[in-house]
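Some notes on the structure that comes next.
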Amino acid sequence: MTTEDSTSSIPSKRATSALQMGPRKKASSADPLVSHGRHFGRTVFALCNYPSLLTNGVLRLEQMEDTPLENFSAEERRKHHVFEQLLDSYPGLLERLRNGSEEEILHVGELIGKGASGARGDDTKSLKSAILDWISPKGASIQPPLHRNSKIDRGFNHELTGSLLCPAGLDWHDPETRENLRSGEILVCGDQWPVFLYANQTYDDEDPWCGLLRSRLLTSAYKHVFTSPSSVDKDPKATRSGNARLHGMSCVTIASIAYIATQVRFALSSSSVFSRSDTSTDSETFYHSLLDLFEDPDESKEVDELLIWWNRQVFPTSSAAQRPISANSALSKIRIKRLATLHVMNICRQDWEG
């Protein structure tokens with residue numbers, strides 16, 4: 001996908017890919033849409049050109065009066081799905097867009113984008129330091145030391161961060177591989193997933209789903225961003241509500257997992273500025289590649305199981321209904337008795353009708 005940075009006119013917005021990061025542009029004033037954009041970016045779609053998304057979404061709604069969505073390209077359908085999620089998540093937004101001028105639509109997009117980029121910046125800054133606490137060896141310090149305020153010695157430059165960022169399937173302990181990663185001889189693209197995504201940094205080439213996106217590093221970062229920094233190792237004790245509670249979030253979304261994975265990957269890297277043009281981190285490709293996996297219908301079973309696992313880690317109360325009922329518990333006996341009663345009633349009804 002290509003991205004054009006111009007936002008001066010509607011035609012240029014039509015040529016822009018909405019699901020790419022838009023240009024950095026200031027939104028003039030505080031608005032509830034800014035707060036909404038913070039949460040939407042974290043949980044639905046992070047790297048998005050919102051003025052383009054809204055402009056093209058409104059135009060597409062008009063086109064869909066004559067052309068069904070199925071006739072659009074896969075990319076256009078994906079954009080429209082994000083657009084619909086945004087409309088559904090903010091009551092009255094559709095009317096505001098339909099009744100507003102082109103300038104108003106762009107302004108709304110800038111407000112949402114301001115919130116999304118602001119949240120992303122806050123999380124990037126916060127995780128930059130916190131990540132070092134989570135990767136430190138138990139009972140020891142990182143050697144050689146990593147600086148909290150500088151990332152120049154991270155990435156493949158350091159033994160610890162390099163071992164975590166090493167693409168799954170490559171052997172970081174192999175001297176030649178390690179040197180080629182450091183020198184750039186081996187170019188790591190965004191769709192080459194790092195081994196830190198896997199539980200215990202263990203990748204099974206025969207079963208690449210095994211342990212994928214179930215690492216403690218990811219759950220620590222997720223809790224840090226969505227519940228509170230104090231909830232990473234224990235129950236939250238923060239006096240202020242975490243981002244999840246502030247926005248009524250009670251379950252994990254697939255996009256929020258991809259967002260946190262992208263943030264952790266960037267925090268471990270040596271790059272200092274989160275930018276879509278940064279080919280060394282290739283963050284957009286990485287983020288999109290995870291979403292591609294999550295949205296693949298053929299992977300739905302594994303994705304559903306992954307979400308259940310994540311909800312148990314982050315929102316254990318809300319996911320309790322998805323846990324199997326304990327055998328021989330009072331609840332299981334009540335359910336069994338109810339099913340037996342319904343079965344007898346059905347038999348009696350059939351006999352009566354017969």
Side-chain angles (χ1 to χ4, degrees), residues 7 10 13-14 16-22 25-65 67-70 72 76-123 225-227 240-260 291 294-295 307 311 314-315 317-319 321:
T7 58
I10 293 300
K13 296 307 297 181
R14 291 176 182 173
T16 302
S17 176
L19 300 190
Q20 296 288 319
M21 290 173 64
K25 188 171 181 179
K26 292 184 178 179
S28 58
S29 60
D31 187 283
L33 283 168
V34 175
S35 174
H36 190 73
R38 292 180 66 87
H39 188 62
F40 190 86
R42 284 170 169 148
T43 59
V44 180
F45 208 94
L47 310 180
C48 190
N49 185 335
Y50 288 98
S52 174
L53 179 74
L54 297 186
T55 299
N56 294 331
V58 172
L59 291 174
R60 199 178 300 109
L61 284 177
E62 297 175 358
Q63 296 170 351
M64 287 170 59
E65 293 179 1
T67 306
L69 184 60
E70 293 73 23
F72 288 83
E76 286 295 305
R77 292 197 300 272
R78 185 177 197 178
K79 293 175 185 177
H80 198 73
H81 179 59
V82 175
F83 176 67
E84 288 181 325
Q85 287 179 289
L86 181 55
L87 295 181
D88 292 341
S89 65
Y90 197 89
L93 180 58
L94 178 58
E95 289 72 20
R96 183 172 177 178
L97 296 177
R98 277 181 164 165
N99 297 329
S101 62
E102 294 176 350
E103 184 179 22
E104 169 68 6
I105 294 174
L106 292 177
H107 178 62
V108 169
E110 289 164 4
L111 289 171
I112 298 172
K114 178 183 179 181
S117 62
R120 186 171 62 249
D122 290 345
D123 296 337
V225 169
F226 285 101
T227 52
R240 293 188 302 172
S241 295
N243 291 313
R245 180 169 293 183
L246 286 173
H247 294 276
M249 181 183 182
S250 60
C251 61
V252 173
T253 66
I254 56 175
S256 63
I257 300 174
Y259 172 77
I260 290 299
L291 290 185
F294 292 151
E295 295 170 0
L307 283 172
N311 279 312
V314 184
F315 302 107
T317 303
S318 64
S319 65

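On a predicted model such as this, the values are computed, not experimentally measured, just so you know. Reckoned from all heavy atoms, side chains included, excluding hydrogens, waters and symmetry mates.
- Counting only heavy atoms from C-beta outward, the side chains of H247 and R42 never approach each other to under 4.5 Å.
- In this structure, the side chains of H36 and L93 stay at 4.5 Å or more apart for every pair of heavy atoms.
- Remark: R245 CZ to F315 CZ distance equals 10.0 Å, nearest 0.5 Å.
- The shortest side-chain heavy-atom distance between H80 and L61 falls under the 4.5 Å cut-off.
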inquiry  = Is there a side chain to side chain contact (heavy atoms under 4.5 Å, CB included) between I112 and L53? Walk through the geometry before answering.
reply    = CA-CA 11 Å; I112 298 172; L53 179 74; over 6 Å; no
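- Across A116 and G41, no two heavy atoms sit closer than the pair CB-CA, 4.2 Å.
- Across all non-hydrogen atoms, the minimal contact from Y90 to P32 is OH-CB, 3.5 Å.
- Atom CZ of residue F45 and atom OH of residue Y50 lie 8.0 Å apart, to the nearest 0.5 angstrom.
- Under the 4.0 Å criterion applied to side-chain N and carboxylate O atoms, R98 and E95 are not assigned as salt-bridge partners.
- Of all heavy-atom pairs between A258 and L291, the closest is CB-CD2, 4.0 Å.
- In this structure, CG on L111 lies 11.0 Å from CG on L106, to the nearest 0.5 angstrom.
- Screening T55, N56, N49 against S52 for a side-chain hydrogen bond (donor to acceptor under 3.5 Å, both in side chains) leaves a single residue, N56.
- For the pair E70 and R77, the tightest heavy-atom approach, listed with the atom from each and the gap, is O-NH1, 3.6 Å.
- Between the CG atom in L69 and the NE2 atom in H81 there is a gap of 10.5 Å [rounded to 0.5 Å].
- R96 places a side-chain heavy atom less than 4.5 Å from the side chain of L33.
- Between Q63 and F72, some side-chain heavy-atom pair lies under the 4.5 Å cut-off.
- Between M249 and S256, the closest side-chain pair of non-hydrogen atoms falls below 4.5 Å.
- Listed for the N243 side chain is no donor-acceptor partner under 3.5 Å among the backbone atoms of H39.
- Taken to the nearest 0.5 Å, the CZ atom of R120 stands 6.0 Å off from the CG atom of L47.
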query = Can you list the steps and then say if Y259 with T43 is a side chain to side chain contact (heavy atoms under 4.5 Å, CB included)?
reply = CA-CA 7 Å; Y259 172 77; T43 59; over 6 Å; no
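- Considering CZ of R38 and CG of D123, their distance stands at 7.0 Å, rounded to 0.5 Å.
- Between I257 and F294, the closest side-chain pair of non-hydrogen atoms falls below 4.5 Å.
- Under the 4.5 Å side-chain criterion, counting only non-hydrogen atoms from C-beta, T253 is not in contact with V44.
- Remark: side-chain polar atoms of S117 are paired, donor with acceptor, to backbone N or O of K114 under 3.5 angstrom.
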query = What's the verdict on side chain to side chain contact (heavy atoms under 4.5 Å, CB included) for F40 and V82, showing C-alpha distance, side-chain angles and the deciding distance?
reply = CA-CA 10 Å; F40 190 86; V82 175; 4.2 Å; yes
